[in-house]
Amino acid sequence: MSSPRLRLDVITIFPEYLEPLRHALLGKAIEQGIVEVGVHDLRDWATGNHKSVDAPPLGGGPGMVMKPEVWGPALDDVAAGRPGRHRDLASAAPHRNDRPRHDDVAAVVPRPYAAANGEDRATPLLLVPTPAGAPFTQADARAWSREEHIVVACGRYEGIDQRVFEDAEKRYRVREVSIGDYVLIGGEAAALVIAEAVTRLIPGVLGNTESHEEDSFSDGLLEGPSYTRPRSWRGLDAPAVLFSGDHVKVRRWRRDQSLLRTRRVRPELLDAVELDEDDVFALDGRAVETTVRGEVARQGGVEKRMRRALRNAGYRDPEVTLGEGEVTVRGRTALSPEEATRAVAQAAGLRGQWEGQTREVG
């Protein structure tokens, strides 16, 4: 078996907490030799009858702080790969490997993400989950999926003595990271989150590379809704466009849904996304009805001419209805009501005085 693409070591006082790393796709990646996971009991480096790993904080205050004389030797040994009493995890159960994977069938060439600029991957990456750390993002997950050796230090109580990390910089690239603006009992849950987010991006872990290339945050946006069979369920129909067989329309629909969900849930993300004309229309387009009254130039083909002019002005699929002394247009547009009314009046070639209004319709 070839050497693993990532060695992941987790140091904790609760080794059993990391049991989920043996399951599902991560367990399969372990089985296939893509990822190697070691779990270390911090108390193996503690001394005394009670194997204590914590002490009261200097200067007073609540809680306990994890001791440097325990963490220091632990990080030394893990960085050096010294054998100890750690346990290398095996997959929780054998996985079926007799079915061809999408990327194998389609002959997809692995597309690993770029490593972080200026990083020396020969030096292990030490991740310290803490609410005081920098936010963990999808960009971090992509960059860290190229790492060779990641070590996660799971703190408890009031955290780990800060000198541990200052000293660890002699042997590691140290990153303090937070998985959210809330506080957990310890770093183990965060270690599980980071491990899954990172390892799923390593080539070969997922059978279909597009599965993560089209994820939420992959293009700066949240992923839109997903549907499967049946077409209708409990009176709820899946969007008809998904059954159209028109891949261009399906891609556009998915992009539109992604944009709309992002604006609804995480609008601040849109500030960093480059939007094209279709994206702006998806966000700002509305179904409207515009009626203008005046003297309409009724030369032949006026409806066709108006539809062309309205599309050029910013309407999508305009429907033109000519009446006696008035024109009504229904369609979608991102124009303001005033701009939409003027566009219809100009497309109709109204002469002299005219009046009109645009209103949104359901």
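Computation of the quantities below employed the complete heavy-atom set of this structure, encompassing side-chain atoms and omitting hydrogens, waters and symmetry-equivalent molecules.
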Original post:
Should Val10 and Val193 be counted in the same cluster of Ile, Leu, Val, Met, Phe, Trp and Tyr side chains packed under 4.5 Å apart?
Top reply: yes

Subject >> Arg156 bridged to Glu188 by N-O distance under 4.0 Å >> reply: yes

Original post:
Atom CG in Asp246, atom CZ in Arg252: separation rounded to 0.5 Å?
Top reply: 13.0 Å

Original post:
Above 12 or not: heavy atoms from other molecules or residues under 6.0 Å from CD of Glu268?
Top reply: yes

Original post:
More than 12 non-hydrogen atoms from neighbouring residues, nucleotides or ligands closer than 6.0 Å to CG on Asp276, yes or no?
Top reply: yes

Original post:
Just by distance, do the side chain of Arg7 and the backbone of Glu148 share a donor-acceptor pair under 3.5 Å?
Top reply: no

**OP:** Check whether any side-chain heavy atom of Asp219 lies under 4.5 Å from a side-chain heavy atom of Val273, and answer yes or no.
**Re:** no

Original post:
Should Arg82 and Asp76 be marked as a side-chain contact (heavy atoms from CB on, under 4.5 Å) after you check the CA-CA gap, both sets of side-chain angles, and the distance that decides it?
Top reply: CA-CA 9 Å; Arg82 297 189 186 108; Asp76 291 345; 4.0 Å; yes

Original post:
Hey, what do you get for CD (Glu196) to CG (Leu25), rounding to the nearest 0.5 Å?
Top reply: 8.0 Å

Subject >> Closest non-hydrogen atom pair, Ala190 against Leu184 >> reply: N-CD1, 4.3 Å

**OP:** Using the side-chain contact (heavy atoms from CB on, under 4.5 Å) rule, pick out the option among Gln357, Glu324, Glu355 that qualifies with Arg293.
**Re:** Glu355

Original post:
Can you find a pair of side-chain heavy atoms, one from Trp71 and one from Asp161, that are under 4.5 Å apart?
Top reply: no

Subject >> Separation of Ile13 CD1 from Asp54 CG (nearest 0.5 Å) >> reply: 7.5 Å

Original post:
So how far is it from Asp140 CG to Leu127 CG, rounded to the nearest 0.5 Å?
Top reply: 9.0 Å

Subject >> Atom of Tyr157, atom of Val53 and distance for their closest heavy-atom approach >> reply: CE1-CG2, 4.3 Å

Subject >> Val320 side chain near Arg305 side chain, heavy-atom distance below 4.5 Å >> reply: no

Original post:
If two hydrophobic side chains count as joined below 4.5 Å and joins carry through other members, does Ile160 share a cluster with Ile185?
Top reply: no

Original post:
side-chain contact (heavy atoms from CB on, under 4.5 Å) between Trp354 and Val344: does it pass, once the steps are laid out?
Top reply: CA-CA 11 Å; Trp354 62 270; Val344 172; over 6 Å; no

Original post:
When you measure from the side chain of Arg173 to the backbone N and O of Asp120, does any donor-acceptor pair fall under 3.5 Å?
Top reply: yes

**OP:** Check the surroundings of atom CZ in Arg163: do more than 12 heavy atoms from other residues, nucleotides or ligands lie under 6.0 Å from it?
**Re:** no

**OP:** Using the rule that two of Ile, Leu, Val, Met, Phe, Trp, Tyr join whenever any of their side-chain heavy atoms come within less than 4.5 Å, decide whether Val250 and Phe281 are in one cluster.
**Re:** no

Original post:
Are Leu322 and Tyr315 connected in a single hydrophobic cluster, I mean Ile/Leu/Val/Met/Phe/Trp/Tyr linked by side-chain heavy atoms less than 4.5 Å apart?
Top reply: yes

**OP:** State whether the side chain of Thr290 and the backbone N or O of Thr358 hold a donor-acceptor pair below 3.5 Å, judged by distance alone.
**Re:** no

Original post:
Do Tyr172 and Val78 have side-chain heavy atoms sitting under 4.5 Å apart?
Top reply: yes

**OP:** State whether the side chain of Arg263 and the backbone N or O of Leu283 hold a donor-acceptor pair below 3.5 Å, judged by distance alone.
**Re:** yes

Original post:
Could you give the distance from CD (Glu119) to CG (Leu125), rounded to the nearest 0.5 Å?
Top reply: 7.0 Å

**OP:** Please round to the nearest 0.5 Å and tell me the distance separating atom CG of Leu260 and atom CG of Leu222.
**Re:** 11.5 Å

Original post:
Should Asp88 and Val37 be marked as a side-chain contact (heavy atoms from CB on, under 4.5 Å) after you check the CA-CA gap, both sets of side-chain angles, and the distance that decides it?
Top reply: CA-CA 6 Å; Asp88 273 3; Val37 181; over 6 Å; no

Original post:
Does the side chain of Met66 come within less than 4.5 Å of Leu42's, by heavy atoms?
Top reply: yes

Original post:
Is the number of heavy atoms from other residues, nucleotides or ligands within 6.0 Å of OH (Tyr17) greater than 12?
Top reply: no

Original post:
With a 4.5 Å limit on heavy-atom distance, are the side chains of Leu270 and Leu259 in contact?
Top reply: yes

Original post:
Do side-chain atoms of Ser145 reach the backbone of Val198 as a donor and acceptor pair under 3.5 angstrom?
Top reply: no

Original post:
When you measure from the side chain of Arg286 to the backbone N and O of Glu360, does any donor-acceptor pair fall under 3.5 Å?
Top reply: no

**OP:** Determine the minimum heavy-atom distance between Ser258 and Leu221, stating which atoms define it.
**Re:** OG-CB, 3.3 Å

Original post:
Taking the inter-plane angle between the rings of Trp144 and Phe136 on a 0 to 90° scale, is it parallel (under 30°), tilted (30 to 60°) or perpendicular (over 60°)?
Top reply: parallel

Original post:
In this structure, are over 12 heavy atoms from other groups packed under 6.0 Å from Glu289 atom CD?
Top reply: yes

Original post:
Minimum heavy-atom separation for Val152 to Ala191, with atom names?
Top reply: CG1-CB, 3.7 Å

Original post:
For the hydrophobic clusters of this structure (ILVMFWY residues joined by side-chain heavy atoms under 4.5 Å, transitively), does one cluster hold both Val65 and Ile11?
Top reply: no

Subject >> Flag, side chain of Arg171 to backbone of Leu75, donor-acceptor distance under 3.5 Å >> reply: no

Original post:
Within the distance-only criterion (no hydrogens, no angle test), does the side chain of Ser91 pair as donor or acceptor with the backbone N or O of Pro94 below 3.5 angstrom?
Top reply: no

Subject >> Considering all heavy atoms, the nearest Leu21-Ala195 contact >> reply: CD2-CB, 3.7 Å

Original post:
Is there a side-chain contact between Pro318 and Arg330 (heavy atoms, below 4.5 Å)?
Top reply: no

Original post:
At their closest point, which heavy atom of Asp279 faces which heavy atom of Leu275, and how far apart are they?
Top reply: OD2-CA, 3.6 Å

**OP:** For Asn312 and Ala309, indicate whether the former's side chain and the latter's backbone hold a donor-acceptor pair under 3.5 Å.
**Re:** no

**OP:** Please confirm whether the backbone N or O of Gly323 pairs with a side-chain atom of Glu326, one donor and one acceptor, at under 3.5 Å?
**Re:** no

Original post:
Is there side-chain contact between Pro129 and Ile179, with heavy atoms separated by less than 4.5 Å?
Top reply: no

